[in-house]
Amino acid sequence: MMPLSSSTPTTPPNYQQKIKQVFAEVGKVVVGQQYMVGRLLIGLFTGGHILLEGVPGLAKTLTISTLSKVLHLHFQRVQFTPDLLPSDLVGTMVYNQNQSEFEVKKGPIFANLVLADEVNRSPAKVQSALLEAMQEKQVTIGETTYPLDLPFLVLATQNPVEQEGTYPLPEAQVDRFMMKVFVDYLKKTDELEVMRRMANMSYVGEVSPILTKEDVFGIRQEINQVQISETLEKYIIELVFATRRPADYDLPEFQQYVQFGVSPRASIALHRAAKAVAYLDERDYVLPEDIKDVAGDVLNHRILLTYEAEADGIRTQDLIEAILRKVPIS
């Protein structure tokens, strides 16, 4: 039998099968949150940060920490509190008495996955410490700038119920999140399963690592190859412009309610997210439904409404739904 030569082509990794295994592994611990897991994977595979918003007890933190165990990635969790300082997040200069010099002590931001838990509990000076890391993938401590290990992803959670002692995220900060995902209550059957699991005090949810750093970059390359037509690219631009000038798109009733529409980051996020949705659906081309599927999560936190909108009970979701109905695909 002839030995295999070194030039024998290797079988390409089956990333689709691995992604299904990721959902299965996370499902061993987290019940009924496939939508949230899917959005987190879209962020991971496209390099977009994710903001999760939901009432307490919906497994936001548990889902992120479980997902980190399924990935061969360095994970750090930071509990945001009112007394947190920027140096607690990014690091600081510490004087070494033995060496008689200052040395850098890096903070938890130096990880692949950073969970910013209850991010709205810290004041703006701490929230803004994330800006450079999220946008530039680097951190400046003292006079030195340190690149972050890639992939780098910030997964933040916030509680919409409690307003006492919380600080709304600045618009520039919110805009850097690719998607803001609203986490809803579980179905009855799912909550029954959660109750049964947690009632067993000896229950331990164990998961196995599935994806490596190389897999993440490999999946990104495959998503990059997903085709999107020029018609759908123009459709994305029309959706974005409709949030800025609704009256131009036969939505004059919303014009008085829009203070600022979405930024150009929304166009990029819609484009990437739609390709990721098509890829997760095992297609190499984007459909209009893929864009509509992610439009709400990509646009909702980037639209700034007026006080009149709040007084009249108008929500950003109402505007987005109206835009999706009105804007045609030419």
>> For S65 versus L62, what's the shortest heavy-atom pair and its separation?
In response: OG-O, 3.0 Å
>> Within the supplied structure, the quantity of interest is the number of heavy atoms (other residues, nucleotides, ligands) at a distance under 6.0 Å from R272 CZ; does it exceed 12?
In response: no
> Is any side-chain N of the basic residue among K213 and D149 closer than 4.0 Å to the acidic one's carboxylate O?
Replying inline: yes
> Is the shortest side-chain N to carboxylate O distance from K292 to E289 below 4.0 Å?
Replying inline: no
>> If I compare all heavy atoms of F177 with all of H301, which pair ends up nearest, and what's the gap?
In response: O-NE2, 2.8 Å
> Between K20 and E282, is there a side-chain N and carboxylate O pair less than 4.0 Å apart?
Replying inline: yes
>> If you compare all heavy atoms of A111 against all heavy atoms of Q76, which two are closest, and at what distance to 0.1 Å?
In response: CB-CG, 3.6 Å
> Is there a donor-acceptor contact under 3.5 Å linking the side chains of Q138 and E132?
Replying inline: yes
>> Which residue in the set M178, H271, K275, R220 passes side chain to side chain contact (heavy atoms under 4.5 Å, CB included) when paired with T46?
In response: M178
> For residues Y35 and D297, is any side-chain donor paired with an opposing acceptor at under 3.5 Å?
Replying inline: yes
>> Does atom CZ (F217) have a neighbourhood of more than 12 heavy atoms from anything else shown, all under 6.0 Å?
In response: yes
> Per the side chain to side chain contact (heavy atoms under 4.5 Å, CB included) rule, which among V114, I50, V119 passes with L155?
Replying inline: I50
> What do the steps show when you test Y279 against E222 for side chain to side chain donor-acceptor pair (under 3.5 Å), and what is the final call?
Replying inline: CA-CA 8 Å; Y279 180 80; E222 291 196 353; 2.5 Å; yes
>> Would you compute the distance between atom NE2 of H49 and atom CD of Q135 and round it to the nearest 0.5 angstrom?
In response: 7.5 Å
>> Walk me through whether Q79 and T81 qualify under side chain to side chain contact (heavy atoms under 4.5 Å, CB included).
In response: CA-CA 6 Å; Q79 182 65 52; T81 56; 4.2 Å; yes
> Does a side-chain heavy-atom distance below 4.5 Å link T306 with V258?
Replying inline: no
>> Check this for me: K105, atom NZ, are more than 12 non-hydrogen atoms of other residues, nucleotides or ligands nearer than 6.0 Å?
In response: no
Output a table of donor-acceptor pairs, distance under 3.5 Å, between side-chain atoms of residues 179-194 and any protein atom two or more places apart or on a different chain; print 'none' if there are none.
{"unit_1": "K180", "atom_1": "NZ", "unit_2": "E53", "atom_2": "OE1", "d": "3.1"}
{"unit_1": "E193", "atom_1": "OE2", "unit_2": "R197", "atom_2": "NE", "d": "3.1"}

> Can a donor-acceptor pair be found between the side chains of T157 and D117 at a distance below 3.5 Å?
Replying inline: yes
>> Can a side-chain donor-acceptor contact be found between Q127 and S122 if the only test is distance below 3.5 angstrom?
In response: no
> Out of curiosity, L52 CG to K60 NZ, how far, rounded to the nearest 0.5 Å?
Replying inline: 7.5 Å
>> Please determine whether side chain to side chain contact (heavy atoms under 4.5 Å, CB included) holds for the pair D290 and R283, giving the CA-CA distance in whole Å, both sets of side-chain angles, and the decisive distance to 0.1 Å.
In response: CA-CA 11 Å; D290 300 328; R283 283 183 280 107; 2.8 Å; yes
>> Go through it in stages, so that I can follow the logic: the residues are V262 and I303, the test is side chain to side chain contact (heavy atoms under 4.5 Å, CB included), and I'd like the CA-CA distance, side-chain angles, deciding distance and then a yes or no.
In response: CA-CA 5 Å; V262 301; I303 300 173; 3.6 Å; yes
> Going from OG1 on T316 to CZ on R302, what distance comes out if it is rounded to the nearest 0.5 angstrom?
Replying inline: 12.5 Å
>> So which atom in A266 and which in V298 form the shortest heavy-atom distance, rounded to 0.1 Å?
In response: O-CG1, 3.8 Å
>> To the closest 0.5 Å, what do you measure between CG (L287) and CG (L232)?
In response: 8.0 Å
> Are the side chains of L58 and T63 in touch, meaning some heavy atoms are under 4.5 Å apart?
Replying inline: no
>> Measuring from atom CD1 of I219 to atom NZ of K18, what distance do you get when rounded to the nearest 0.5 angstrom?
In response: 8.0 Å
> Between atom CZ of F254 and atom CD1 of I320, what is the distance when rounded to the nearest 0.5 Å?
Replying inline: 10.5 Å
> Can a salt bridge be assigned to the pair E230 and K234 using a cut-off of 4.0 Å between side-chain N and carboxylate O?
Replying inline: yes
>> So for atom CD, which belongs to E310, do other residues, nucleotides or ligands contribute more than 12 heavy atoms lying within a distance under 6.0 Å?
In response: no
> Can you list the steps and then say if E308 with Q259 is a side chain to side chain contact (heavy atoms under 4.5 Å, CB included)?
Replying inline: CA-CA 10 Å; E308 289 82 356; Q259 187 173 357; over 6 Å; no
> Is K106 positioned over the aromatic face of F110, cation under 6.0 angstrom from the ring centre and no more than 45 degrees off axis?
Replying inline: yes
>> Given V90, which partner from the list L85, V139, T140 fulfils the side chain to side chain contact (heavy atoms under 4.5 Å, CB included) test?
In response: V139
